Engineer: 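I have a structure I would like to understand better, so I am pasting it below and will then ask my questions one at a time.
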Amino acid sequence: MMTPTWSPRRPHALDDAQIDELADVLIDCVEGGASVSFMHPLRRDRAVAFWRRVAQGVASGERAVLVAADARGLCGTVQLVLDQPENQPHRADLSKLLVHRRARRQGLGEALMRAAEATARECGKTLLVLDTASGEAERLYDRLGWTRVGVIPGYALLPQGGLCGTTVYYRTLGG
Ligand SMILES: CC(C)(COP(=O)(O)OP(=O)(O)OC[C@H]1O[C@@H](n2cnc3c(N)ncnc32)[C@H](O)[C@@H]1OP(=O)(O)O)[C@@H](O)C(=O)NCCC(=O)NCCS
C-alpha cells in the first residue's frame, strides 16, 4: 500500500460537516482507548458539543486547529491554544492530537505535529507545551525532538476506567 502524502491545513472556521467528521475522529479515538478527556462510550452529541466549543475558539482566534483528510473525510487533527496569560504571549499549548484508527501508522501524526509547529511559528510563538497520556504518543514526541519534563502518575482515567499517568513535554521553536 502506498503511504499517503498528508497536507494538514488550518481552517479559520469549522462548518457543521467538518464538526461532524471531527466528532467521528474523537469518538473513534475514545473507542480505541485513548485518554483524551472523555470516558467511553462518548455520545455523538457530546462529541459534537466539544467541537462546537473548539469552533468558537477558532472563530475568535483563541485557538488554531489543523486538520487532514483522506478519501473518506477528516481523519486527523491537532490544536494550538494560542490565547495565553499576558505574561506568556510567546507560548502556546498543543492539545488533542487525534488520528482516526483507519489512518494510523502512515505518518499523519507526525505531519500534524510538524504543521502545528509551523503554525505556532507563524503566530510568533517560541515555546510549546503539551501533556499526553503516557503511552504510544510519547514515541512520536520523543522522535520529533520534544523535551520530556516528567510524569505525573495517576493523572486521569482511561476511557474504560483505570488510572493512567500523564507525561509533560515542551519544545522551544528556534528562529
Ligand atoms: C498518537 C497518534 C496521534 C499517532 O498518530 P499516527 O498517525 O499513527 O502517527 P505516525 O504515523 O506519525 O507515527 C506512528 C508510528 O507509525 C510509524 N509509521 C509512520 N509512517 C509509517 C509507514 N508509512 N509505514 C509503517 N509505519 C509508519 C511511525 O514510525 C510510528 O512508529 P512508532 O509508534 O513505532 O514510533 C495516534 O495513535 C492517536 O491518535 N492516538 C490516540 C489519541 C492520542 O493518544 N493522542 C495523543 C494525545 S496528546
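Note that ligands are numbered from 1 as they come in the structure, with each ligand's atoms numbered from 1 the same way. Since the model is a prediction, treat every value here as computed from it, not as a measurement.
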Engineer: Provide the number and element of each atom of ligand 1 under 4.0 Å from a heavy atom of Glu110.
Structural biologist: 12 (O)
Engineer: Considering only protein heavy atoms, determine whether one is less than 4.0 Å from atom 2 (C) of ligand 1.
Structural biologist: no
Engineer: Do Ser95 and Arg63 touch side chain to side chain, with heavy atoms closer than 4.5 Å?
Structural biologist: yes
Engineer: Looking at non-hydrogen atoms alone, which of Glu136, Arg143, Arg139 comes nearest to atom 32 (P) of ligand 1?
Structural biologist: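 Comparing heavy atoms across Glu136, Arg143, Arg139, the nearest one to atom 32 (P) of ligand 1 lies in Arg139.
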Engineer: I'd like to know if the side chain of Thr77 and the backbone of Leu66 have a donor-acceptor N/O pair within less than 3.5 Å.
Structural biologist: yes
Engineer: Please walk me through it: do Met113 and Leu130 pass side chain to side chain contact (heavy atoms under 4.5 Å, CB included)?
Structural biologist: CA-CA 11 Å; Met113 287 298 292; Leu130 69 78; 4.2 Å; yes
Engineer: If hydrogens are left out, which of His100, Lys96, Arg104, Arg105 has an atom nearest to atom 18 (N) of ligand 1, that is, the closest non-hydrogen atom?
Structural biologist: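 Among His100, Lys96, Arg104, Arg105, the closest heavy atom to atom 18 (N) of ligand 1 comes from Arg105.
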Engineer: What protein heavy atom sits nearest atom 44 (O) of ligand 1, and how far off is it?
Structural biologist: Ala34 CB, 4.0 Å
Engineer: Please state which protein non-hydrogen atom is closest to atom 6 (P) of ligand 1 and give its distance, to 0.1 Å?
Structural biologist: Gly109 N, 3.6 Å
Engineer: Within ligand 1, which atoms have a heavy atom of Tyr141 less than 4.0 Å away?
Structural biologist: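 Numbered from 1, ligand 1 contributes 46 (C), 48 (S).
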Engineer: Taking only heavy atoms of Thr132 into account, list the atoms of ligand 1 that are under 4.0 Å away from them.
Structural biologist: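 Taking each heavy atom of Thr132 in turn, ligand 1 has 47 (C), 48 (S) under 4.0 Å.
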Engineer: Run the salt-bridge test on Glu122 and Arg10 with the 4.0 Å N-O cut-off and return the result as yes or no.
Structural biologist: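 Between Arg10 and Glu122 there is no salt bridge, as every charged N stays at least 4.0 Å from the carboxylate O atoms.
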Engineer: Decide whether an N or O pair under 3.5 Å exists between Val99 and ligand 1.
Structural biologist: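 Min N/O separation from ligand 1 is below 3.5 Å for Val99.
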Engineer: Please name the pair of heavy atoms, one in Pro153 and one in Val151, separated by the smallest distance, quoted to 0.1 Å.
Structural biologist: CD-O, 3.5 Å
Engineer: Can you label the angle between the Tyr141 ring and the Trp146 ring as parallel, tilted or perpendicular, going by 30° and 60°?
Structural biologist: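 Ring orientation of Tyr141 relative to Trp146: tilted.
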Engineer: Which of the atoms of ligand 1 are close to Leu98, meaning less than 4.0 Å from one of its heavy atoms?
Structural biologist: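 The atoms of ligand 1 under 4.0 Å from a heavy atom of Leu98 are 39 (O).
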Engineer: For ligand 1, which atoms have a heavy atom of Gly107 less than 4.0 angstrom away?
Structural biologist: 10 (P), 11 (O), 12 (O), 19 (C), 20 (N)
Engineer: Any side-chain heavy-atom pair from Val54 and Trp51 closer than 4.5 angstrom?
Structural biologist: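 Heavy-atom side-chain distance check passes, below 4.5 Å.
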Engineer: What is the closest protein heavy atom to atom 4 (C) of ligand 1, and at what distance does it sit?
Structural biologist: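 Of every protein heavy atom, Leu140 CD2, 4.2 Å lies nearest to atom 4 (C) of ligand 1.
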Engineer: How far does CZ of Arg148 sit from OG of Ser134, to the nearest 0.5 angstrom?
Structural biologist: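 The OG atom of Ser134 is 7.5 Å from CZ of Arg148, to the nearest 0.5 Å.
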Engineer: To the nearest 0.1 Å, how far is atom 46 (C) of ligand 1 from its closest protein heavy atom, and which atom is that?
Structural biologist: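 Going atom by atom, the protein heavy atom closest to atom 46 (C) of ligand 1 ends up being Leu97 O, 3.5 Å.
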Engineer: Under 4.0 Å from any heavy atom of Ala137, which atoms of ligand 1 are there?
Structural biologist: 1 (C), 46 (C)
Engineer: For a 4.5 angstrom cut-off between non-hydrogen side-chain atoms, does Thr132 reach Leu140?
Structural biologist: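 They are not in contact (no side-chain heavy atoms under 4.5 Å apart), so the answer is no.
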Engineer: Could you list who else is in Met39's hydrophobic cluster, with ILVMFWY side chains joined at under 4.5 Å, directly or through other members?
Structural biologist: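 Result for Met39 is Leu157, Leu163.
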Engineer: Quick one: nearest non-hydrogen protein atom to atom 23 (N) of ligand 1, plus distance?
Structural biologist: Thr3 OG1, 3.1 Å
